[in-house]
Trainee: 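Sharing a structure here in structure tokens format.
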Amino acid sequence: MAFRTWCDGRLACVVLIALALSGCGKPEGIREQTVPRIESNKNAPAVVEGKERIIGVIAPNATPAVNGWFFFKLRGPAEQVAAQLPAFEAWIESIRFEARVRGKNAEEIVTWTTPPGWKQEEPAEGDPRIAVFKFGPDGEQLDCGVSTARGGLLDNVNRWANQQLGRPQIGAGELDRVLQHRTIDGRNVFLVDLTGPGGKGKVMMMAPPHGKMN
Amino acid sequence: MSTQNEFPDQPMDGGRAATSPSTWSVIKTILKPLASLQVSVVLFAMSLVLVFFGTLAQMEDGIWTVVSSYFRTFLVWIPFQLIAKFGMVFFGVSPDAVWTGSFPFPAGYTIGIAMMINLVTAHLVRFRTTWKRSGIILIHGGMILMLIGEVITGEKAVESKMYLQQGELSNYLDDSRNIELAVTWTDEDGVGRELLVPGAMLKQMGSLSNDQLPVDIEVLEYHKNTTFVETPDLKDNQDTLVFVSGGRSAGVRVVIVPSAEEAGVKSERDDAPAVKVVLRDKKTGDELGTHFLSLWQYRNYNNRLLIGRPHRFTADGRTYDIELRNRRVYKPYTVQLDKFEHKVYPGTVVAKDYASTITMIDQERGDQREGIRIWMNNPLRYRGETFYQSGVLPEDSGTVLQVVNNPGWMLPYVSCVVVTLGMLVHFSITLTTFLTRRFVR
């Protein structure tokens, strides 16, 4: 009986003290921490290197009810693409986004300045791109053009990475690492620069052409 | 030796009889009011009132705001407007009625602790500790365990989320209920470093000047919740976000604006707080930039639907990123999502099953386990945490796992078993006594 009383009393005290202490704690202040390295999967496939390169800008299309993206892409053998990088930079920096009203419908069009040494041409019949560019003898294998399309950003990046460069599909979780942020004419755009062994897939886009040459 | 109790109004407790009767009498006199059955009834009535007003409060406030204001605290100020709103629905009170003011009421912790004291003292003072009451004792013991479990859960449990898209690796959890302002950079050795200002400090607004911070931070505005609206401007600012997926939303550009708190009765998401901060050089006080940072800009909060330009500043020749995000807890393991399955009932879009197959890479233990499947009602228990299949990222691109660390997780189960056992024991004893008397008659 003495034991029972002892238990009852001690239990009550423990319960009350535990409750009283349960709310105690210091407020958290500013803390510093090191970001631990993410361990890679030992069984992950090896990274694919390649001889073909795509560099391009993907910009949101602000045409109401259409939206989607504008694509400014340069593709070809890696060394030929590298030779055109200064001109490519000048080209994308010259991009301008304009609002036009066709009848009752507002739409957005893009304009640019063709860099010296590039020749803008009308796309071939069946090619849904807005504009295509040709190069001199040093750039015969280069393919460059402007187009629009809808769909998710990842799907479109994988069109370049997987279909055209032959790389493994880029996972949604890797998209942040693939995209570089730029600002062109006040618009937040994404720069994508990828290499791969080269793919067999063709670009298929359904959007009608917009745009104009300077 | 007589077995009758010479003091019929006192329990037959040899232990207490061993204590000096005057000492025990004093203790009993002090505890008797606390053990009163009338007090028990009043406390139960108060708990009903508290639950009633806590439910009404969720018409306007978020569920976790109500939990922390009404239940996990000691005192709550209940607005009279809640009574007006109840009257608008049931008693024809004018929809324009505004009843200002509020009244104090004991909150969850106060009522819970009072109930606990009442129950424990009742056992000490009123109840007779006999085998016939063993069922009651078990039932009450189970209820005490349940109350203790709730306090432990409320104070110590951490619910976090892990977002993974197909193939993605992650080694951190997002604490859904807390935010932090993160200043991040990469040091000379290529190691990522972070300075974190907790949300509680941001709520107070004002200047944050600390030796650890590379700049002084002045919090000009704090918004408990924000939402986004499509921007008509062709030009973006630093806060413009763009939808990267989501069907026809892909390419739509939006800006963040303050909004009301998500109400508990209709909330589909957690609140997205935002702050407006001015960064100043520590030495000169020159302004280095003004940033409007919302949780919408955090990739995990927006389910990877939105991307915006990173917020950056330079101080002392080093470039830093700054963002508002859920409080991040790094783990000694990495999780990779290998496969995500989303099954729907045939002919519908109603979810039938979600399942995630993951690889667990434990760098601390040097162990890698593949093919671990987590699906609805079948969580993974690992290192004291429980991983539940919680949600899905848009277009089935990935999974959201809820990770719970609750040291008191076992207590509700144990208390239910104890209460059930107590009820069975009490019922058995009562039945046996009844049958015995009947048989004797």
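Residue numbers begin at 1 in each chain, while the letters A, B, ... track the order of the sequences. What you see is a predicted model; the values in this text were computed from it and never measured.
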Trainee: By a 4.5 Å heavy-atom criterion (distance strictly below it), what part of Glu98(A) contacts chain B: side chain, backbone, both, or neither?
Mentor: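 Contact with chain B involves the backbone of Glu98(A) alone.
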Trainee: Please look at Thr240(B) and chain A and tell me whether the side chain, the backbone, both or neither of the residue comes under 4.5 angstrom of a heavy atom of that chain.
Mentor: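 For Thr240(B), heavy atoms of backbone and side chain both lie under 4.5 Å from chain A.
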Trainee: Using the test side-chain hydrogen bond (donor to acceptor under 3.5 Å, both in side chains), find all partners of Glu121(A) that sit at least two apart in sequence or belong to another chain.
Mentor: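 Applying side-chain hydrogen bond (donor to acceptor under 3.5 Å, both in side chains) to Glu121(A) gives none.
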Trainee: Ignoring hydrogens and angles, tell me if any N or O in the side chain of Arg193(B) forms a donor-acceptor pair with the backbone of Val35(A) under 3.5 Å.
Mentor: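 Here the side-chain-to-backbone pair does not exist.
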Trainee: Report yes or no: is the cationic atom of Arg159(A) (NZ for Lys, CZ for Arg) under 6.0 Å from the centre of the six-membered ring of Phe71(A), at an angle within 45° of the ring normal?
Mentor: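 Cation-pi check for Arg159(A) and Phe71(A): passes.
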Trainee: Against chain A, label Leu181(B) side chain, backbone, both or neither, depending on which of its atoms sit under 4.5 Å from a heavy atom there.
Mentor: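 Neither the backbone nor the side chain of Leu181(B) comes within 4.5 Å of chain A.
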Trainee: Residues in side-chain contact (heavy atoms from CB on, under 4.5 Å) with Asn171(B), at least two apart?
Mentor: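 Listed in chain order: Pro36(A), Ile38(A), Tyr330(B), Thr334(B).
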Trainee: Which answer fits Gln166(B), side chain, backbone, both or neither, if we ask what part of it has an atom under 4.5 Å from a heavy atom of chain A?
Mentor: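 Backbone of Gln166(B) only, per the 4.5 Å heavy-atom cut-off to chain A.
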Trainee: Any idea how Phe70(A) and Phe97(A) line up, ring-wise: parallel (<30°), tilted (30 to 60°), or perpendicular (>60°)?
Mentor: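 Answer is tilted, since the angle falls between 30° and 60°.
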Trainee: What's the verdict on salt bridge (Lys or Arg N to Asp or Glu O under 4.0 Å) for Glu52(A) and Arg75(A), showing C-alpha distance, side-chain angles and the deciding distance?
Mentor: CA-CA 7 Å; Glu52(A) 191 151 330; Arg75(A) 172 190 174 187; 2.7 Å; yes
Trainee: Out of Gly398(B), Pro198(B), Pro332(B), Ser397(B), return the one with the most heavy atom pairs under 4.5 angstrom to chain A.
Mentor: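 Option with the greatest count: Pro198(B).
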Trainee: What part of Glu174(A) gets closer than 4.5 Å to chain B, counting heavy atoms only: side chain, backbone, both or neither?
Mentor: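 Contact with chain B is absent: no heavy atom of Glu174(A) under 4.5 Å.
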Trainee: Please state whether the side chain, the backbone, both or neither of Arg253(B) comes within less than 4.5 Å of a heavy atom of chain A.
Mentor: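 For Arg253(B), the contact with chain A is made by the side chain alone.
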Trainee: Which members of residues 175-185 of chain A, sorted by number, sit under 4.5 angstrom from chain B on a heavy-atom basis?
Mentor: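 Within residues 175-185 of chain A, near chain B: Asp176(A), Leu179(A), His181(A), Thr183(A), Asp185(A).
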Trainee: If you apply the rule side chain to side chain donor-acceptor pair (under 3.5 Å), what do you find for Gln84(A) with Trp118(A), and how did you get there?
Mentor: CA-CA 10 Å; Gln84(A) 296 297 332; Trp118(A) 293 21; 2.9 Å; yes
Trainee: By a 4.5 Å heavy-atom criterion (distance strictly below it), what part of Arg327(B) contacts chain A: side chain, backbone, both, or neither?
Mentor: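 Just its side chain gets close to chain A.
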Trainee: Side chain, backbone, both or neither: which part of Asp233(B) has a non-hydrogen atom closer than 4.5 Å to chain A?
Mentor: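 Neither part.
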Trainee: Test side-chain contact (heavy atoms from CB on, under 4.5 Å) on Ser209(B) and Asp216(B) and set out the steps.
Mentor: CA-CA 5 Å; Ser209(B) 186; Asp216(B) 290 335; 2.9 Å; yes
Trainee: Among Gly68(A), Ala62(A), Ala99(A), which has the most heavy-atom pairs under 4.5 Å with chain B?
Mentor: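 Ranked by heavy-atom pairs under 4.5 Å with chain B, first place is Gly68(A).
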Trainee: Of the backbone (N, CA, C, O) and the side chain (C-beta and beyond), which part of Arg299(B) lies under 4.5 Å from a heavy atom of chain A, both, or neither?
Mentor: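 Side chain only.
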Trainee: Show your reasoning for whether salt bridge (Lys or Arg N to Asp or Glu O under 4.0 Å) applies to Glu155(B) and Arg72(B).
Mentor: CA-CA 9 Å; Glu155(B) 294 297 318; Arg72(B) 289 181 181 162; over 6 Å; no
Trainee: Could you note down all residue pairs passing salt bridge (Lys or Arg N to Asp or Glu O under 4.0 Å) where residues 302-311 of chain B supplies at least one of them, sequence neighbours left out?
Mentor: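 Output for this query lists Glu168(B)-Arg304(B).
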Trainee: If you look at every heavy atom in Gly151(A) and Asn156(A), which pair is closest and at what distance?
Mentor: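 For Gly151(A) versus Asn156(A), the nearest heavy atoms are O-ND2, 3.6 Å.
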Trainee: Which bit of Val191(B) comes within less than 4.5 Å of chain A, counting heavy atoms only: side chain, backbone, both or neither?
Mentor: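 For Val191(B), the side chain is the part near chain A, not the backbone.
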Trainee: Among Pro310(B), Pro232(B), Ala200(B), single out the residue with the greatest number of heavy-atom pairs under 4.5 Å to chain A.
Mentor: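 The candidate making the most pairs under 4.5 Å is Pro310(B).
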Trainee: Fit a plane to each ring of Phe88(A) and Trp91(A), take the angle between them on a 0 to 90° scale, and name the class: parallel (under 30°), tilted (30 to 60°) or perpendicular (over 60°).
Mentor: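 Perpendicular, since the angle between the ring planes exceeds 60°.
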Trainee: Considering only heavy atoms, which portion of Leu234(B) lies under 4.5 Å from any heavy atom of chain A: side chain, backbone, both, or neither?
Mentor: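 For Leu234(B), backbone and side chain are both near chain A.
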